[in-house]
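Just so you know, these numbers come straight off a predicted model, no measurement behind them.
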Amino acid sequence: MKKLVIFDLDGTLLNTIADLGNAANYALTTAGYATHPLAEYPYFVGNGVRKLIERVLPGGTASPEKVDELLKYFKDYYGTHLHDLTQPYEGISTLLEEITAAGVKVAVASNKYQRAVDVLIRHFFPNILWAAVEGQKEGIPVKPDPSIVFSILSAAPTPKADVLYVGDSNVDMETARRACVESCGVTWGFRPEQELVDAHADHIAHNTEQLRALILG
């Protein structure tokens with residue numbers, strides 16, 4: 001049985017893509033740019049909201065000043081609409097309840113900015129006792145830099161052999177590899193299974209039942 005499971009947030013615990021896309025499209029519209037179909041957003045997200053804004057801007061226009069402008073519009077909108085359409089993936093709430101009841105510690109490692117992470121975790125998982133909830137913080141590099149995992153391990157000291165990192169993208173698998181912890185890619189998120197395979201995921205879970213079995217042994 002694993003002693004600590006570190007979960008990515010967007011695309012792993014929560015399906016946030018519609019609210020992220022709507023916020024980015026609001027920022028683009030406010031600044032006078034064309035928007036993108038929501039179906040394109042799974043490939044825009046994953047490296048933090050600043051990188052999201054850089055990706056949605058037309059080529060050659062993503063100056064630091066322009067990104068700062070749209071980032072403000074994005075946060076203004078997302079701050080009040082971040083769970084309009086967002087929902088936990090099927091089976092996630094039950095999974096968290098069962099593994100924590102079995103004594104497994106759980107944590108969140110997200111590239112989403114910290115304030116939004118805190119709001120979403122409190123809103124959707126109010127009864128889960130989290131060992132750590134880590135989002136993007138000023139001055140701390142985003143995933144796949146492993147700093148966020150090391151911060152969680154400082155808050156919840158656990159031998160790395162007893163840690164599992166769970167995510168839905170190559171960014172997550174690379175984060176786990178750099179932190180030297182076991183990884184599990186989930187296929188219900190934003191990226192295809194082949195991306196997880198190509199990123200050398202140690203395990204692949206197609207549903208929460210498979211993930212539960214991996215965690216509890």
Colleague: Do Q194 and D198 get their side chains close enough for a donor-acceptor pair, meaning under 3.5 Å?
Modeller: yes
Colleague: Quick check: closest heavy atoms across E182 and A176, and the distance to 0.1 Å?
Modeller: O-CB, 4.4 Å
Colleague: Which value, rounded to the nearest 0.5 Å, describes the distance between Y41 atom OH and N25 atom CG?
Modeller: 3.5 Å
Colleague: Are I92 and F124 close enough, and set up right, to give a side-chain contact (heavy atoms from CB on, under 4.5 Å), and what steps lead you there?
Modeller: CA-CA 10 Å; I92 285 294; F124 287 106; over 6 Å; no
Colleague: So which heavy atom on Y89 is nearest to which on G189, and how close?
Modeller: OH-CA, 3.8 Å
Colleague: Report yes if the side chains of L71 and V49 come closer than 4.5 Å at any heavy-atom pair, otherwise no.
Modeller: yes
Colleague: Taking side chain as C-beta onward, heavy atoms only, is L211 less than 4.5 Å from V166?
Modeller: yes
Colleague: Among the clusters formed by ILVMFWY side chains lying less than 4.5 Å apart, do V117 and I140 turn up in the same one?
Modeller: no
Colleague: How long is the gap from NZ on K112 to CG on L14, to the nearest 0.5 Å?
Modeller: 8.0 Å
Colleague: Between I17 and L38, does a side-chain contact (heavy atoms from CB on, under 4.5 Å) hold up when you go through it step by step?
Modeller: CA-CA 8 Å; I17 202 68; L38 290 181; over 6 Å; no
Colleague: Is there side-chain contact between I128 and E97, with heavy atoms separated by less than 4.5 Å?
Modeller: yes
Colleague: Would you please test R191 and Y43 for side-chain contact (heavy atoms from CB on, under 4.5 Å) and show each step?
Modeller: CA-CA 7 Å; R191 302 294 178 84; Y43 281 93; 3.8 Å; yes
Colleague: Tell me, do F190 and T16 make a side-chain contact under 4.5 Å, heavy atoms counted?
Modeller: yes
Colleague: Is there side-chain contact between I152 and L4, with heavy atoms separated by less than 4.5 Å?
Modeller: yes
Colleague: Applying a strict under-4.5 Å side-chain criterion to I, L, V, M, F, W and Y, I'd like to know whether I121 and V119 cluster together.
Modeller: yes
Colleague: Return the CD1 to CZ distance between I99 and R212, rounded to the nearest 0.5 Å.
Modeller: 9.0 Å
Colleague: Is a side-chain N or O of Q114 found less than 3.5 angstrom from the main chain of G135, in a donor-acceptor match?
Modeller: yes
Colleague: Do side-chain atoms of D19 reach the backbone of T86 as a donor and acceptor pair under 3.5 angstrom?
Modeller: yes
Colleague: Are E40 and V56 side-chain neighbours, meaning at least one heavy-atom pair lies under 4.5 Å?
Modeller: no
Colleague: Start with the C-alpha gap between K72 and D68, add the side-chain angles, then the distance that decides, and say whether salt bridge (Lys or Arg N to Asp or Glu O under 4.0 Å) holds.
Modeller: CA-CA 6 Å; K72 179 184 183 305; D68 286 342; over 6 Å; no
Colleague: Please say which of T175, D172, D202 ends up in a side-chain hydrogen bond (donor to acceptor under 3.5 Å, both in side chains) with Y165.
Modeller: D172
Colleague: Using 0.5 Å steps for rounding, measure from the CG atom of L120 to the CZ atom of R115.
Modeller: 10.5 Å
Colleague: Between A116 and Y78, what is the shortest heavy-atom contact and its length?
Modeller: CB-CE2, 4.1 Å
Colleague: With heavy-atom distances below 4.5 Å as the criterion, would you say the side chains of P64 and R50 are in contact?
Modeller: yes
Colleague: For N22 and Y77, does a side-chain donor sit closer than 3.5 Å to a side-chain acceptor?
Modeller: no
Colleague: Step by step, would you call Y33 with T61 a side-chain contact (heavy atoms from CB on, under 4.5 Å)?
Modeller: CA-CA 10 Å; Y33 293 104; T61 66; 4.2 Å; yes
Colleague: Would you say V108 ends up clustered with I6 if hydrophobic residues are merged whenever their side chains have heavy atoms under 4.5 Å apart, either directly or through other cluster members?
Modeller: no
Colleague: Does atom NE2 of H200 have more than 12 heavy-atom neighbours, drawn from other residues, nucleotides or ligands, at distances under 6.0 Å?
Modeller: no
Colleague: Once rounded to the nearest 0.5 Å, what's the spacing between atom NZ of K2 and atom NZ of K105?
Modeller: 13.0 Å
Colleague: Spell out, yes or no, whether V142 and V45 are grouped together once hydrophobic residues are joined by side-chain heavy atoms under 4.5 Å, including indirect joins.
Modeller: no
Colleague: Given 3.5 Å as the limit, does a donor-acceptor pair link the side chain of N15 with the main chain of Q87, or not?
Modeller: no
Colleague: Could you measure the distance from the CD atom of E195 to the CE atom of M173? Nearest 0.5 Å is fine.
Modeller: 9.5 Å
Colleague: Which atoms form the tightest heavy-atom contact between H206 and E193, and what is the distance?
Modeller: CE1-OE1, 3.2 Å
Colleague: Under the criterion side-chain hydrogen bond (donor to acceptor under 3.5 Å, both in side chains), which of E54, R55, K143 is the partner of N47?
Modeller: R55
Colleague: Identify the heavy atoms of A201 and G185 that sit nearest to each other, and give their distance.
Modeller: CB-N, 4.1 Å
Colleague: Using side-chain hydrogen bond (donor to acceptor under 3.5 Å, both in side chains), reason through D76 and Y26 one step at a time and then give a plain yes or no.
Modeller: CA-CA 10 Å; D76 286 347; Y26 170 84; over 6 Å; no
Colleague: Is there a path of hydrophobic side-chain contacts, each under 4.5 Å between heavy atoms of I, L, V, M, F, W or Y residues, that connects V171 with L13?
Modeller: no
Colleague: When you compare the side chain of L129 with that of T100, does any pair of heavy atoms fall below 4.5 Å?
Modeller: no
Colleague: If you look at every heavy atom in T208 and W188, which pair is closest and at what distance?
Modeller: N-CZ3, 3.8 Å
Colleague: Under a 3.5 Å distance rule, please check whether S147 uses its side chain to pair with a backbone N or O of D145 as donor and acceptor.
Modeller: no
Colleague: If we ignore hydrogens and angles and just use 3.5 Å, is the side chain of K3 paired with the main-chain N or O of A161 as donor and acceptor?
Modeller: no
